[in-house]
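Note sheet for the following structure.
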Amino acid sequence: MQFVSTRGTQPVNLDTALVNGIADDGGLYVPTELPRFDVADFANAQSLKDVAAVLLAPFFEGSSLQNDLAAILGETFSFPIPVTRVSSSQGEADLLELYHGPTAAFKDVGAGFLAACLGRLEGDDASPLTILVATSGDTGGAVAAAFDQRPGMRVVVLFPDGRVSERQAHQLTCWSDNVLSVAVSGSFDDCQALVKAALTDKSLAEDFRFSSANSINIGRLLPQATYYADASLRHFRDTGNKPGFIIPTGNLGNAHACIMAREMGLPIGPVVLAVNENRTIPDYLETLEWLPRASVQTLASAMDVGDPSNMERLRGLLGDADKLREQVSVASVTDEQIKTSIKQDFADFGFATCPHTAIATHVWRQLTDEQRASSEWVLVATAHPAKFETIVEPLIEATIPLPPELKAILSRPSHSVTIAPSLDALTDSMRDRFFNI
Ligand SMILES: *Cc1c(COP(=O)(O)O)cnc(C)c1O
């Protein structure tokens, strides 16, 4: 299997696409052609790992990791991804619980897969690979957890000091010696600018081999496609119907993976992109004009994206807005509606949802009778509510029990360095940590 940039350069194999992350021309890697499957191809695939092995085998053709696929999937899916039946006065739906990984959000899947692949391709004790990641919350924790204690790999996580929640900060700062957690006195934008500066600095390149683990790496999308394949196959086998998916959407990585799975022939019905008050995608489908903009802050902070980078992949796969809007729908949800939805979910389901998941359940409640009659629905739950307890607990007037994975993280000692937003300060802290161990 070969991968090309969305802006069209020479094809590369999976290894190169994973290591580079972004193509030289600034585009995103996409497969030259998607493999096509039939439901019967999965007849012997009973578990998520079995389904993933069938679905991803073509992508690994020509990769040096071809014979490692089973081991990579074993590491990636070290936790369950269950489907729970929920009901309300509107009817019943399936909740796809993607939040049982080490940091209790779906980003654990992509980060775990990327770490399993890069550790095999690039892990080198003599000259370790250093992953730089700027984070406003969920991504950094997932990446740190995935690379923690991995031989030949280091991680530097940069986050804005005092601008992440206490529990989020803990998830960014509780790892082993190969993870350096840096609190930057500044904004998320300052963190991103520092990562960019470090990646292009010539003198740093003499001491470090750098890579980044941002959300546009194809290594995030491939494992995400597998849980949509698995959930849709289960539903199809049980009922004979193709389920629809309602997906909380920010940078469009999770939803794009679902659409890829549908294009590959998996039994997936309608797909609804559920966004917060960042309306770049709904406005595009309405006006046919692509107008990225600065993000606005909402309660569903991991979806505060004003310029969703995976739109470039989606347009390449399905076409521009006029074609896109025939193949996906989109709904935008306000903070007030998120709050109402969190309360309603707790009343209806008997357990809490996170602010991102509550966007999907809100959209589900608002479906038209026609949409409700045409499909059964899977609602995608992207994070555990205990990660966002300061928002959720006052609304439901109850304490959310900590899931075991979060309890384990929060009991680890936390350590970080605080720096001014300058490349010199970042360089000093990295030299201190990695050359004085
Ligand atoms: C990242 C994230 C999202 C958005 O996913 P995208 O792939 O960026 O669309 C939704 N919910 C949670 C909890 C997240 O961490």
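For ligands, and for the atoms within them, numbers begin at 1 and follow the listed sequence.
Protein heavy atom nearest atom 10 (C) of ligand 1, with residue, atom name and distance: M303 CG, 3.5 Å. Distance from atom 6 (P) of ligand 1 to its nearest protein heavy atom, with residue and atom name: N251 N, 3.6 Å. For atom 7 (O) of ligand 1, the nearest non-hydrogen atom of the protein is N254 N, 2.9 Å. Nearest to atom 14 (C) of ligand 1 among the protein's heavy atoms is K107 NZ, 2.9 Å.
The residue A105 has no part lying near ligand 1, judged by heavy-atom distances below 4.0 Å. The backbone of L252, and not its side chain, has at least one atom closer than 4.0 Å to an atom of ligand 1 (non-hydrogen atoms only; backbone = N, CA, C, O).
A salt bridge does not link R234 with D238: none of the charged nitrogens is closer than 4.0 Å to a carboxylate oxygen. Using a 4.0 Å cut-off between charged nitrogen and carboxylate oxygen, R150 and E75 count as a salt-bridge pair. Salt-bridge formation is not detected for the pair R163/D190: no Lys NZ or Arg NE/NH1/NH2 atom is positioned less than 4.0 Å from an Asp or Glu carboxylate oxygen.
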Using ring pair (Phe, Tyr, Trp, His ring centres under 6.0 Å), reason through F351 and F346 one step at a time and then give a plain yes or no. CA-CA 5 Å; F351 58 87; F346 190 62; 8.7 Å; no
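In terms of polar-atom proximity, defined here as any N/O pair under 3.5 Å, G250 does make such a contact with ligand 1. Inclusion of T382 in the set of residues having an N or O under 3.5 Å from an N or O of ligand 1 is warranted.
Under a 3.5 Å cut-off, the side chain of Y99 and the backbone N or O of F106 do not form any donor-acceptor pair.
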